[in-house]
Protein chains: 2
Amino acid sequence: MTFKTSSLAARETGARPTARDVAALAGVSVGTVSRVVNGAATVNAQVRDRVTSAIATLGWRPSIVAQNMRGRATRMIGFIFPDLDNPLFSSMIKGAEDVLTRAGYMLIVGSSNGQSEREMALIDLFGQRQADGLIFTIEQESHPAVQKCMAQARFPIVMLERDGTPAATVSAGADHFQGTLQATRHLIELGHRRIALVSGGRDNRVGRARLAGFRQAHEQAGIAVDDTLVQIDSGTAGNDWGLRKTQWLLAQADAPTAVMALGRHLLKGVLVACKRQNIRIPQDLSVVTSNDSDLAELAEPAISVIRYSTYDLGRAAAELLLDQLAAADPASAPSRTEIPTEFVLRASCAAPPVHARAGAPDRLATNTSPR
Amino acid sequence: MTFKTSSLAARETGARPTARDVAALAGVSVGTVSRVVNGAATVNAQVRDRVTSAIATLGWRPSIVAQNMRGRATRMIGFIFPDLDNPLFSSMIKGAEDVLTRAGYMLIVGSSNGQSEREMALIDLFGQRQADGLIFTIEQESHPAVQKCMAQARFPIVMLERDGTPAATVSAGADHFQGTLQATRHLIELGHRRIALVSGGRDNRVGRARLAGFRQAHEQAGIAVDDTLVQIDSGTAGNDWGLRKTQWLLAQADAPTAVMALGRHLLKGVLVACKRQNIRIPQDLSVVTSNDSDLAELAEPAISVIRYSTYDLGRAAAELLLDQLAAADPASAPSRTEIPTEFVLRASCAAPPVHARAGAPDRLATNTSPR
DNA sequence: TTGTAAGCGTTATCAT
DNA sequence: ATGATAACGCTTACAA
């Protein structure tokens, strides 16, 4: 007969108490302790009280790790985002958290930094940790190795702001197509014929949807799209990408009369570029951005935005995940939640300057700024 | 003799393979599998190869849950923040993640929504999940029940942007005292005598440090502080708190000539209030805010800010936690990392209007706005 | 060098 | 109604 750790020992050392300690203190067996905490009907009231007070005395809480060993779900959801240092992430994670907390889940977060290697490492790690599901904003949708990794995952995956793939068919995203379509249409109706589109997302749904909306608006108006005005970047460009792109666009011989800088971090660059070159919004250049912000609202003039709720996006992703978790059938059907977008017209949009419409060579020549 | 799950079964069903499956496939014992994956020196090269390929065939990864059961650290760090839907959270979590990932840890996040009950529930949950540590931005530093809960936690806690408490003596925070001191001094030097301080944090270090810096600057200049100009809020006020407070301050008979709105979310309210009442910055009112942002930088005029890196704050908290985790002595000494602040002077600060200095009753009377 | 078996903290099955 | 015990997947001391 071996000497076992007793509740006495547990109380003396700082060691975490176990059900065995509780059982010893209450003078019952571990099975009974388990029955009490799990609310089994078949427990004598007196025994229940003894156990309950022993639990309180020792401050015992069942080990979730041990419960997981027994096959219980970990109730942990992974969340992989290209860049946690992004205000959009804040509201998305909050939306997801609000939904998942209510259902008893917790979120584990990881930043991929846009690297596929890291995405795969994180998926693998979540697997080892037995996560129950994953909300994933993949960097490159078409990356085969990452897709393979997703396909092998033993948990459901919801794509956030990305398209479903063969490996993960459930997705939540904003309706960038409609938003961009409306905004582009509005600019065209104002008389713009040379509209620039600046956006991230070469290899993901967001960029594709924006481009599609942009093209459709042009097509419906019978206007050809000048591809030099379409600047869709791949990957996480530097912080001053918006600035450099705008400067480049404005330096073209036949510069755009309107720029749609779609992505919250791009607006700053556009405004700085305009300020430096003394370009007036909207007289010289109309501006549209996406993701409403204090800056867009309070800039002088206020900037028109394609607005949508990233909080709702996070909620939607979480809800889709819960649906899949609840579904008895593991191979659930493809599904998608689309969050509506709204074009908010502000003072930054006006008719193009007359000389541009008349085909004047270069507005900047007329309006040289002192650097 | 019972029939055991074999590698065959594991490959046929979708069940996660175990070390036993690997062992069976490789024709070795589970102990050997463990030795191989843990890089034990004493393994025959041929055996190692057989095991390695069996692992690859089955796609086996050791279960972290089972490893935890054996006493291995979970390498999970909790992170409790009052409001995940806050851009500051993004950069803090990113800073922490960068440090912790390198050390093999993952982050579990939870939003307390400013509720002490939820804070305690989360701490408790992290305990049950056997988290190795916690980074915590408590809502009310002095809350006794939460402190007790912290004291009972079996893992080290680092306070983020909060003071150490008896229950958790390690903390990381920005040097709000210096930042506020400098900014206030500058306003005083410009001639301001009635400066308003608007900030959150009635019961935390941030608010206290700001108030202390504010007071010290006044004291050193021999100026009395008018307490009606000091508006330090408790808890997470509504989104329009900055607006309402500014409107209230400007409506006072002896309105301030400068306002320090310390908190990123407050600037918008100040700017809106000024716009609505046709108050010019800085001619009528000087403005200082905290936390640099695109809005502060690009507002017209640009707004002076007390700047500091929330990313560094997250890093610092994580590094302190790693220090504690590495320390053999569990009862480590109190320690604190202070992140420097910097007062960035922009166009929003100027000398107070003449009539205010002459003691004119109400600037608004001279400058009535249409609405 | 490799196999065997105990044990981590639960839960569930089977006796009593 | 309650106790004893096997099992979850892994690591490790000990045996061979």
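Just so you know, these numbers come straight off a predicted model, no measurement behind them. The chains referred to below are lettered A, B, ... by the order of the sequence lines, with proteins before strands, and numbering in each begins at 1.
Within the structure, every side-chain polar atom (N or O) of A/Thr18 is placed at least 4.0 Å from both OP1 and OP2 of C/dG9. Between A/Thr32 and D/dA1 there is no side-chain N or O to OP1 or OP2 distance below 4.0 Å.
Side chains of A/Arg336 and A/Ser171: a donor-acceptor N/O pair is present below 3.5 angstrom, by distance only. Checking A/Thr74 against A/Asn68 by side-chain atom types alone, no donor-acceptor pair falls below 3.5 Å.
Distance B/Met69 CE to D/dA7 P: 15 Å, rounded to the nearest Å. Rounding to whole angstrom units, CG of residue B/Asn68 and P of C/dG9 are separated by 12 Å. For the pair B/Ile64 CD1 and D/dG9 P, the interatomic distance rounds to 15 Å; values are reported in whole Å. Here C/dT2 presents its C1' atom at 14 Å from CD of B/Gln46, a figure rounded to the nearest Å. One can place CG of A/Asp49 at 11 Å from P of D/dT2, the figure rounded to the nearest angstrom.
If you check every strand for non-hydrogen atoms under 4.0 Å, A/Arg61 touches sugar and phosphate atoms only. A/Val65 comes within 4.0 angstrom of nothing in the nucleic acid, heavy atoms only. Contact annotation for B/Ser63: backbone-only contact, meaning every heavy-atom pair under 4.0 Å involves sugar-phosphate atoms and none involves a base.
Judged by distance alone, the side chain of B/Ser335 and the main-chain N or O of B/Val170 form no donor-acceptor pair under 3.5 Å. Under a 3.5 Å cut-off, the side chain of B/Asp132 and the backbone N or O of B/Ile77 do not form any donor-acceptor pair. Of the possible polar contacts, one joining the B/Glu141 side chain to the B/Asp163 backbone as a donor-acceptor pair under 3.5 Å is found.
Within a 6.0 Å sphere centred on CD of A/Gln115, other residues, nucleotides and ligands contribute more than 12 heavy atoms.
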Given protein heavy atoms under 4.0 Å, the one-letter contact record of nucleotides 11-16 of chain C, with B base, S sugar-phosphate only and - none, is simply BBB---
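Within residues 120-131 of chain A, no residue has a heavy atom under 4.0 Å from DNA chain D.
A salt bridge does not link A/Glu119 with A/Arg162: none of the charged nitrogens is closer than 4.0 Å to a carboxylate oxygen. Between B/Asp98 and B/Lys94 there is a salt bridge, with a side-chain nitrogen of the basic residue lying less than 4.0 Å from a carboxylate oxygen of the acidic one.
Distance from the side chain of A/Asn44 is smallest for D/dA1 among the nucleotides C/dC8, D/dC8, D/dA1. With D/dC8, C/dT10, D/dT2 as the choices, the nucleotide that has an atom nearest any side-chain atom of B/Arg20 turns out to be D/dC8.
Between B/Arg48 and A/Ala66, it is B/Arg48 whose nearest contact on DNA chain C lies nearer the 5' terminus.
Side chains of B/Ile123 and B/Phe155 form a contact here, defined as non-hydrogen atoms less than 4.5 Å apart.
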